[in-house]
Amino acid sequence: MPLKRECLVLLVLSWVNCLRAQDENRVMFSLGTFQNVSVPVNGTVQAVVSRIPADVSFLTLQFHTHHHNVTLSYTLIPLYGFSVTAADAGLLSNLTPSQTTVSWFLRTPDGSSVAGVGVILPYSSTDPVPGACNQEFPLEIDPNIYVQYNLFETTITFAPANIGYGRGESPPPCDVDMGSSTRWRLVYEVYQYFLPEGDLSEQSLISNMEKVANVQNVQDNSRKVMSLSSHDRTQFSFSSLPGQGVIFSVIVRDPVLNTSASYIPVHTYACSFNSTLDGCNDLGRVSTKVFFTVLGLAGLFVCFVGHRFFKCELFCMGFGFMAFVFFILITRTTQLDYDIRLALTALMGVVGGVAMVMSWWRFGSVMACVLVVGLILGFFISSIVFFTPLGDLAIFHNDVVFWVVFACIMVVVPLFFIRWPREGNIITCGVVGAYTVVLAVNAYTYTSLSYITLDVLKRFLNDNFSRAFISVPLQDVDFIMITVWVVLGVSGIVVQLYREKSRPFFPPSPYVMWKQERERRKTNVLDPSHHKPSLSARILGRIRQLTQRTEPAGETTPLLL
């Protein structure tokens with residue numbers, strides 16, 4: 001009997017512990033309220049919502065983590081077609097007529113622990129159903145937004161929605177009819193929300209994710225990028241911003257019933273937190289920092305005294321021009337490591353700078369050099385134009401239109417240099433030189449101003465980049481850098497105009513001056529240098545003195561008479 005009692009007690013204790021563990025791994029949600037959830041190691045958490053009102057037709061559960069994947073499932077054991085795995089995962093559940101409670105299951109695919117935040121949103125029978133006409137992804141109804149990124153672009157994809165229907169009703173067919181009473185009347189809106197610049201923390205993501213969880217919050221806090229009809233493709237590309245957090249949201253609207261619903265928002269930093277090389281926490285390479293630090297110092301020199309030291313300015317402009325062109329060529333034609341490409345780019349930039357200085361030294365054509373400088377300023381002004389919202393116009397997603405307009409702006413600017421060459425050269429020194437300081441700062445801390453030229457470089461390097469939307473955030477650090485840029489540029493231009501107002505427009509070419517001096521010596525017989533032996537004659541004479549031994553002349557003292 002004592003043995004049986006001990007066994008009975010052990011069974012009761014184990015049953016109590018099991019119930020306690022189930023309670024610990026069960027999280028009760030309230031509709032529309034965010035809930036912090038921690039998934040234990042090798043554990044499964046059950047998300048439960050109860051007391052669902054009768055007018056709710058379907059629910060969406062969304063769960064967000066910083067960068068770890070989590071698996072949401074309709075069943076305790078995840079099955080294909082009944083679960084989804086992502087850092088921003090969501091499920092949609094249709095309700096039966098008498099259903100008041102719904103549960104889902106959360107776990108990690110690798111069995112590790114993870115913490116995140118979730119929310120359950122209710123929708124009525126008149127609201128459109130996100131992802132209900134899915135034909136591409138495993139889930140039957142998939143309200144998720146799928147994101148992929150590379151160095152150049154970030155692409156989002158989502159499944160089409162369907163019009164709403166009540167509890168227990170059959171969903172309307174997706175592709176049988178295209179009339180106004182079908183899902184083809186629905187419209188979609190894509191939104192962007194930028195996280196604070198340079199802030200990669202989990203706390204920042206979670207607090208800002210709550211600002212874009214539902215339809216009203218998305219409209220109030222996010223930037224609308226585009227609207228599209230049900231006939232348009234549900235895939236879009238945006239310019240990648242490594243290290244800059246972005247949350248993408250999609251709202252589907254029913255214009256007939258004036259209702260709407262939100263897809264599961266998704267975030268990306270366009271970089272990996274799990275990579276040991278070039279991860280989100282180590283975006284700046286040492287080689288990049290060295291390259292742009294030297295470039296920024298040279299640009300600061302050119303900004304204030306570039307015209308005064310004309311040869312140095314020509315070297316810097318030739319360096320930038322040749323380095324930009326060569327980096328494009330070597331990147332498109334080879335698979336070399338980034339550091340090797342950057343070193344070769346710097347080497348070819350030096351060659352380009354020396355070539356530009358030597359062309360001016362030998363031929364003395366100031367106007368040809370100034371026109372090259374004008375093309376650099378034209379390229380820069382054209383890049384600024386397309387950095388504005390003008391660059392996101394649909395017409396400029398066509399490569400032919402974009403490059404024709406870009407080239408026209410770039411070529412028009414040097415025409416003003418023909419009339420005002422010195423002023424144009426000084427303006428270029430101030431504007432471009434100050435911008436290199438911005439690029440040098442960007443090597444150490446993120447600023448969106450670097451994408452003025454980087455977006456054009458991406459378009460040169462990637463044939464598919466033309467379809468990407470290039471909007472970037474302008475936050476506090478960007479306005480500070482704009483102020484620094486303007487102050488440096490204006491100060492450099494004013495200082496150089498003041499210093500050069502009483503000087504010749506451009507310094508003369510040393511080679512041309514040497515030729516003129518040589519001709520003057522040949523024709524001016526009164527010049528003592530006219531009777532001076534040539535350089536070759538002086539060298540030969542010196543060699544003879546060193547190689548021939550002088551003979552003694554005998555008695556050199558005078559005889560006394």
Side-chain angles (χ1 to χ4, degrees), residues 197-198 284 288-321 323-324 346 349 353 356 369-370 372-388 409-410 413-414 416-417 420-457 472-503 505-506:
E197 288 184 354
T288 302
K289 292 180 179 179
V290 172
F291 180 85
F292 282 102
T293 299
V294 175
L295 189 66
L297 294 175
L300 191 63
F301 175 84
V302 170
C303 178
F304 286 94
V305 292
H307 190 79
R308 178 69 178 86
F309 297 92
F310 191 61
K311 292 189 289 292
C312 295
E313 178 209 336
L314 291 181
F315 176 84
C316 293
M317 295 297 177
F319 178 94
F321 181 83
F324 187 85
M356 192 163 179
C369 296
V370 169
V372 174
V373 174
L375 286 175
I376 295 175
L377 181 62
F379 169 85
F380 193 72
I381 292 177
S382 188
S383 300
I384 294 176
V385 170
F386 286 100
F387 180 72
T388 64
I409 299 175
M410 182 176 173
V413 173
F416 294 95
F417 282 51
W420 300 282
R422 180 176 66 178
E423 288 75 9
N425 185 64
I426 291 176
I427 291 174
T428 304
C429 290
V431 174
V432 178
Y435 181 70
T436 60
V437 177
V438 176
L439 293 180
V441 174
N442 181 74
Y444 297 91
T445 181
Y446 177 85
T447 171
S448 298
L449 299 184
S450 61
Y451 286 90
I452 292 176
T453 51
L454 188 56
D455 282 338
V456 180
L457 180 62
V472 296
L474 289 179
Q475 301 184 16
D476 293 341
V477 66
D478 299 306
F479 292 110
I480 293 174
M481 293 312 302
I482 290 174
T483 304
V484 171
W485 182 14
V486 171
V487 169
L488 286 178
V490 173
S491 300
I493 293 172
V494 172
V495 167
Q496 293 200 69
L497 287 175
Y498 177 78
R499 287 172 56 91
E500 302 298 324
K501 64 180 180 179
S502 59
R503 297 176 181 269
F505 274 25
F506 291 93

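Source: prediction; values computed, not measured. All residue numbers refer to positions in the sequence shown, counting from 1. FYI, side chains are in, hydrogens and waters are out, and symmetry mates aren't considered; it's all heavy atoms of this structure.
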Could you walk me through whether Phe304 and Leu488 pass side-chain contact (heavy atoms from CB on, under 4.5 Å), step by step?
CA-CA 9 Å; Phe304 286 94; Leu488 286 178; 4.1 Å; yes

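- More than 12 heavy-atom neighbours from other residues, nucleotides or ligands sit within 6.0 angstrom of CZ on Phe324.
- Going from atom SG of Cys429 over to atom CZ of Arg308 covers 13.5 Å, rounded to the nearest 0.5 Å.
- Checking Ile493, Val495, Val494 one by one against Leu497, the side chain to side chain contact (heavy atoms under 4.5 Å, CB included) holds for a single residue, Ile493.
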Report the C-alpha distance between Asn442 and Leu449 in whole Å, list the side-chain angles of each, state the deciding distance to 0.1 Å, and finish with yes or no for side-chain contact (heavy atoms from CB on, under 4.5 Å).
CA-CA 8 Å; Asn442 181 74; Leu449 299 184; over 6 Å; no

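- Leu474 and Phe479 get closest at one heavy-atom pair: O-CE1, 3.4 Å.
- Taking CH2 of Trp420 as the start and CD1 of Ile426 as the end, the distance is 14.5 Å to the nearest 0.5 Å.
- No side-chain heavy atom of Phe379 sits under 4.5 Å from any side-chain heavy atom of Val413.
- Gly489 and Ala434 get closest at one heavy-atom pair: N-CB, 3.7 Å.
- Aromatic ring pairs are classed by plane angle as parallel below 30°, tilted from 30° to 60° and perpendicular above 60°; the pair Phe310 and His307 is perpendicular.
- Here the closest heavy-atom approach between residue Glu197 and residue Gln475 is recorded as N-OE1, 2.8 Å.
- Contact record, Cys303 with Gly430: SG-O, 3.8 Å, taken as the closest heavy-atom pair.
- Closest of all the heavy-atom pairs between Val437 and Gly296 is CG2-O, 3.9 Å.
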Worked check of side-chain contact (heavy atoms from CB on, under 4.5 Å) between Ser450 and Val438
CA-CA 7 Å; Ser450 61; Val438 176; over 6 Å; no

Can you check side-chain contact (heavy atoms from CB on, under 4.5 Å) on Asp455 and Phe386, steps first, answer last?
CA-CA 9 Å; Asp455 282 338; Phe386 286 100; over 6 Å; no

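- Once rounded to the nearest 0.5 Å, the distance linking CD1 of Ile384 with OH of Tyr435 reads 8.0 Å.
- Within a 6.0 Å radius of OH in Tyr446, other residues, nucleotides and ligands contribute more than 12 heavy atoms.
- Here CZ of Phe319 is found 6.5 Å from CG of Leu295. Values are rounded to the nearest 0.5 Å.
- To the nearest 0.5 angstrom, Met481 atom CE is 11.5 Å from Ser448 atom OG.
- Panel note: side chain Asn425, backbone Arg422; no donor-acceptor pair is recorded below 3.5 Å.
- Side chain of Thr428 to backbone of Gly424: a donor-acceptor contact under 3.5 angstrom is found.
- Here the CE atom belonging to Met317 is positioned 12.0 Å from the CG atom belonging to Leu375, to the nearest 0.5 angstrom.
- Looking at every heavy atom in both residues, Phe301 comes nearest to Cys312 through CE2-CB, 3.8 Å.
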